[in-house]
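Written out below as structure tokens is the structure these notes cover.
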Number of protein chains: 2
Amino acid sequence: MGWSERFEGLASLPKEIRDELETRSQVMDVPEGTTVFAPGMHADNLLLLLSGTVRVQQVSESGREIVLYRVEAGESCVMTTACLIAHEDYAAEGITETACRAVAIPRKVFDDLAAKSDAFRQFVFSSYARRITDLFGVIEALAFQRVDIRLAQRLLKLAGAADTLDTTHQKLATELGTAREVVSRQLREFQRRGWVEQNRGSVTLIDRAALEALAAE
Amino acid sequence: MGWSERFEGLASLPKEIRDELETRSQVMDVPEGTTVFAPGMHADNLLLLLSGTVRVQQVSESGREIVLYRVEAGESCVMTTACLIAHEDYAAEGITETACRAVAIPRKVFDDLAAKSDAFRQFVFSSYARRITDLFGVIEALAFQRVDIRLAQRLLKLAGAADTLDTTHQKLATELGTAREVVSRQLREFQRRGWVEQNRGSVTLIDRAALEALAAE
DNA sequence: TGCCGTCTGTGAGTTTGTCACCGAGCCAGA
DNA sequence: TCTGGCTCGGTGACAAACTCACAGACGGCA
């Protein structure tokens, strides 16, 4: 059984297409902290993530950053293909957040399959759609949402099932595209209310219910 | 000579593909102010704009709005296709800003051509790429740029070659995703410096050089 | 132990967003 | 022509967010 069954949207491909996909592409391991794509970089593979996560973020001239979205296992890093074609400059970069295992589909194979298979095209387009809705979400949050609400949401999301989050104020600020001081002050307020506790380099969620209530506003 | 030559990226298609495109799609006229797509709307055509412009904007629950980008003549409204596929909700809508003439390509024809023609796929992907870079730009501006700079940029862009812009403070606020009061204050400041003059429903650019200097910061 | 780089805290000032309200211009109908 | 209602713009007070400058705390390492 090959990896192609692990991708929703690829599992339904005809067997011969899946075989072609598997034989003509290469599984690779990427260590944590690797820049998978960046402005000016020449990527000629479409990456499908088998495990790990890739953080995609934008960097401004002034050095401030904002996280746009994460590519999770079972998803494709389709934005790279878009960015290749893009004429103008952009400033998004993808960095592996954990060690990753990924399938690299060469451009030629990508083109062939896009021509051959309706289902594959469907897969590609729905990958685009997901990323675009992610970007819409970022815009919505930046333009219309208060920082405290966004911080609560992000803390819950990043923590997942765990109670403690190993991260710095600066990293959280990057998540939201805001300044470190803002995060520090918000966290202090959260702590004052007994919602979280802080240590150097970590935040512990104490009162999830309260955070969820704020996040839902 | 058909309309397909007017689209960069389509003009290079083989003649038989262009013919198929032209015979199997329909040219339509759309009056100003029409909602071309919106959340929950079922679009089954890909629109190519022959003339006019479509404004794409996002609306928040609270009623505030932000302009994401404009589709100009010679471009395709490819985001509709993405949004169809998108599982989650999104809140972008497209509104004709002028009377428009557009080619509607039915989904079936779109699929056929995407299968048949490398060049057509290239066209579609580069349309996506353009929109995505537009969204990156919006995010960059929202997260990292001062409002006065963005306003100066937008005034110059919207005015084009003309000196006078027929628009309201509220509409300018929507352009930037900010509040009407903020635009009012910035314009008052611009006026105080002799850069613009204002009348009810219009702004006249007096000192373009100064605005350009600010816009370039 | 002492040094250094990273992480966090904080105050002051600026910019931006929110809220509430008012007045001026414009238009249509009496 | 008057008048009421609507849109547009102006304003003050306040809250939220960002910037800047700097200081102290912590941890790893020589």
Side-chain angles (χ1 to χ4, degrees), chain A residues 33 58-66 138-155 164-193 196-204 214-215 217, chain B residues 33 58-66 138-155 164-193 196-204 214-215 217:
Chain A
Q58 198 176 30
V59 190
S60 79
E61 302 165 19
S62 59
R64 265 181 62 192
E65 299 178 331
I66 179 170
V138 172
I139 291 172
E140 166 112 20
L142 276 173
F144 306 131
Q145 286 248 282
R146 290 211 320 263
V147 171
D148 54 350
I149 296 174
R150 297 206 286 138
L151 178 58
Q153 291 168 342
R154 197 55 71 112
L155 287 174
T164 295
L165 244 176
D166 285 332
T167 187
T168 66
H169 293 186
Q170 179 56 61
K171 281 181 185 157
L172 289 171
T174 296
E175 293 286 336
L176 305 180
T178 183
R180 198 255 317 158
E181 297 91 322
V182 175
V183 171
S184 292
R185 285 193 263 259
Q186 296 293 350
L187 282 178
R188 169 158 43 93
E189 176 61 17
F190 286 179
Q191 186 170 31
R192 195 190 62 76
R193 297 187 196 167
V196 304
E197 281 184 0
Q198 299 186 64
N199 287 297
R200 186 186 174 86
S202 79
V203 179
T204 304
L214 178 61
E217 262 187 42
Chain B
Q58 198 175 30
V59 189
S60 78
E61 302 165 20
S62 59
R64 266 180 60 190
E65 298 179 333
I66 179 169
V138 172
I139 290 172
E140 165 113 20
L142 277 173
F144 308 130
Q145 287 248 280
R146 290 210 320 262
V147 172
D148 54 350
I149 295 175
R150 297 206 285 139
L151 178 59
Q153 291 168 342
R154 198 55 71 112
L155 286 174
T164 294
L165 245 176
D166 285 333
T167 188
T168 66
H169 293 186
Q170 179 57 62
K171 281 181 185 156
L172 289 171
T174 297
E175 293 285 335
L176 306 181
T178 183
R180 199 255 315 159
E181 296 91 324
V182 175
V183 171
S184 292
R185 285 194 273 257
Q186 296 293 350
L187 282 178
R188 169 158 42 94
E189 176 61 18
F190 287 179
Q191 185 170 32
R192 193 189 65 75
R193 297 186 198 170
V196 304
E197 281 184 2
Q198 299 185 64
N199 287 297
R200 185 186 173 85
S202 79
V203 180
T204 304
L214 178 61
E217 260 186 42

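Chain letters run A, B, ... following the sequence lines, proteins first and then strands; every chain starts at 1. Just so we're clear, the structure is a prediction, and the values are computed from it rather than from any experiment.
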Assign [X] to base, sugar-phosphate, or nothing according to its heavy-atom contacts below 4.0 angstrom with the strands shown.
X	result
Q186(A)	sugar-phosphate
R180(A)	base
R150(B)	nothing
R185(B)	base

How many whole angstroms separate atom [atom1] of [X] from atom [atom2] of [N]?
X	N	atom1	atom2	result
H169(B)	dG25(C)	NE2	P	14 Å
D148(B)	dG17(C)	CG	C1'	15 Å
E181(B)	dC19(C)	CD	C1'	8 Å
Q170(B)	dC8(D)	CD	C1'	10 Å
L176(A)	dC18(D)	CG	C1'	14 Å

Assert: residue with more 5' nearest nucleotide on DNA chain C, out of R188(A) and A143(A), is R188(A)

Taking only the side-chain nitrogens and oxygens of T168(A), find out if one of them lies under 4.0 Å from OP1 or OP2 of dT6(C).
no

Could you check whether any side-chain N or O of Q58(A) sits under 3.5 Å from a backbone N or O of I66(A), counting only pairs where one atom can act as donor and the other as acceptor?
no

Non-hydrogen side-chain atoms of L187(A) and L172(A) separated by less than 4.5 Å:
yes

Do R180(A) and V183(A) have side chains that get closer than 4.5 Å, going by heavy atoms?
no

Any ion pair linking E181(A) and R185(A) (charged N to carboxylate O, less than 4.0 Å)?
no

